[in-house]
There are 2 protein chains.
Amino acid sequence: MSQDGPGVELDSSLGYLLKEASSALRAAMEGVLRPLGMTVTHYSCLELLAQRPGLSNSELARGAFVTRQSMNVLLQALERDGYVTRPEEAPVGKVLPTRLTTRGRRSLQKATVAVRSVEDRMLGGMTAEERSGAFKILRSMIRSLQDSAEGAP
Amino acid sequence: MSQDGPGVELDSSLGYLLKEASSALRAAMEGVLRPLGMTVTHYSCLELLAQRPGLSNSELARGAFVTRQSMNVLLQALERDGYVTRPEEAPVGKVLPTRLTTRGRRSLQKATVAVRSVEDRMLGGMTAEERSGAFKILRSMIRSLQDSAEGAP
DNA sequence: AAATCTATGTCAGAATACTGACATGAGTCA
DNA sequence: TGACTCATGTCAGTATTCTGACATAGATTT
């Protein structure tokens, strides 16, 4: 049947296409991360901490697009398994700054290589101009959606 | 703090941007669908059936990017509540073709208006050329990811 | 200074989606 | 024809995420 997903009007919907692309990316990432015993959210959390050490639970949650509660259970597991550390008491306020351990950094290294290969494949068939165009367009979509969301509370 | 999500290298990652855009779109859709008592998957299923009547459970699942099992429980609920109908026995094979009822169509109408407003907002700041560019680029990404996924089983 | 507002961390319960497994029908190939 | 492969519908159990709620710390306002 020559895999031809649903194709009447949905193919003309940018929203559907966006979801399809995101879904394909997630599936590809899961595919390369599974052998490493890592989920996408798991990886996202570690990557965020590598690039911005000391992020709080809530900040990590926003960065990984999950709720604080979900990130909290993940962080507890990561802390238990020795990938990250959090101070016993909050240095200021209630915010607990999280940091990668050596083990966490080592684990992240392998994952980064795997994920980068996926992203490279995704960028493969695109010219430099198309890439910068993709950035511009995605940012435009995000801004439009966020603005309207804030405008109507 | 002028909401500035995590922003070191991640802002230069197309994958992260794609996830961010998709997440923003989903949040916006949830926002307009919630007052109608409808989830995104719920709406997706109805929209698929409106455009391609007679789709099977498995086909709907692929179209809505969930598993057959998840779509099955949704379909059972939709059938119970009178939004869709499925024949008692399969006309051919095991495939049960699903169709919208009048109630389902009516319910979908309101949702479609709401969702279209979101998509319009998303397309708001884009020129016609940027839109066609967005289509081209998203399709390119999907194709690259799918090809590589099929190539390495 | 006091009150209000906002954001955070965390607990508990509910909803949702997923993995694993099974039987069945249809197409394929020897 | 018979064995094999593939896809489908469905059941059961698991896992993950979300919603709701609470107490608390800092910022803002009065």
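Numbered from 1 within each chain, the chains take letters A, B, ... in sequence-line order.
- Closest non-hydrogen pair, B:Arg121 versus B:Ala28, comes out as NH2-CB, 4.2 Å.
- What separates CG of B:Leu96 from C1' of C:dA23 is a distance of 15 Å, to the nearest Å.
- Side chains of B:Leu46 and B:Thr112 form no contact here, defined as non-hydrogen atoms less than 4.5 Å apart.
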I'd like a list of close polar pairs between nucleotides 4-6 of chain D and the protein, N/O only, cut-off under 3.5 Å.
none

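- Pairs of residues two or more places apart, or lying in two chains, that qualify as salt bridge (charged side-chain N to carboxylate O under 4.0 Å, His left out) and include a residue from residues 77-87 of chain B are B:Glu79-B:Arg86.
- Counting to the nearest Å, the C1' atom of C:dA17 and the CG atom of B:Leu60 are 16 Å from each other.
- Considering CE of B:Met29 and OG of B:Ser117, their distance stands at 10.0 Å, rounded to 0.5 Å.
- For C:dT10, one of the phosphate oxygens OP1 or OP2 lies less than 4.0 angstrom from a side-chain nitrogen or oxygen of A:Asn72.
- Atoms CZ (B:Arg62) and P (C:dC18) sit 14 Å apart, rounded to a whole Å.
- Proximity of B:Arg68 to the phosphate of C:dG20: no side-chain N or O atom is located under 4.0 Å from OP1 or OP2.
- Qualifying salt bridge (Lys or Arg N to Asp or Glu O under 4.0 Å) partners for B:Arg99, counting only residues two or more places apart in sequence or in other chains: none.
- Per the geometry, CE belonging to B:Met38 stands 17 Å off C1' belonging to C:dT16, to the nearest Å.
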List every contact pair, protein side and nucleotides 23-25 of chain D side both N or O, where the distance is under 3.5 Å.
from	atom 1	to	atom 2	distance (Å)
D:dA23	N3	A:Lys94	NZ	3.4

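- Heavy atoms of A:Gln76 sit under 4.0 angstrom from primed sugar atoms or phosphate atoms, though from no base atom.
- At most 12 heavy atoms of other shown residues, nucleotides or ligands fall within 6.0 angstrom of atom CZ in B:Arg106.
- Crowding of A:Arg34 atom CZ: a count of heavy atoms from other residues, nucleotides or ligands under 6.0 Å not exceeding 12.
- To the nearest angstrom, P of C:dT16 lies 15 Å from CG of B:Leu75.
- Note: CD (B:Glu89) to C1' (C:dT24) measures 14 Å, nearest angstrom.
- Rounded to an integer number of Å, the gap from B:Glu88 CD to D:dG9 C1' is 14 Å.
- Residues A:Glu130 and B:Ser140 have side chains that never bring a donor and an acceptor to within less than 3.5 angstrom of each other.
- Annotation for A:Arg105 and A:Leu100: closest pair NH2-O, 3.5 Å, computed over non-hydrogen atoms.
- Tracing side-chain contacts under 4.5 Å through hydrophobic residues (I, L, V, M, F, W, Y), one never reaches A:Leu96 starting from A:Leu48; they form parts of separate clusters.
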Below 3.5 Å between N/O atoms, which protein atoms pair up with nucleotides 14-18 of chain D? Just atom names and distances, please.
from	atom 1	to	atom 2	distance (Å)
D:dT17	OP1	A:Thr41	OG1	3.4
D:dC18	OP2	A:Thr67	N	3.1
D:dC18	OP2	A:Thr67	OG1	3.1
D:dC18	OP2	A:Ser70	OG	2.7

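- Sorted by first and then second residue, the pairs that involve residues 44-74 of chain B and meet ring pair (Phe, Tyr, Trp, His ring centres under 6.0 Å), not counting sequence neighbours, are A:Tyr16-B:Phe65.
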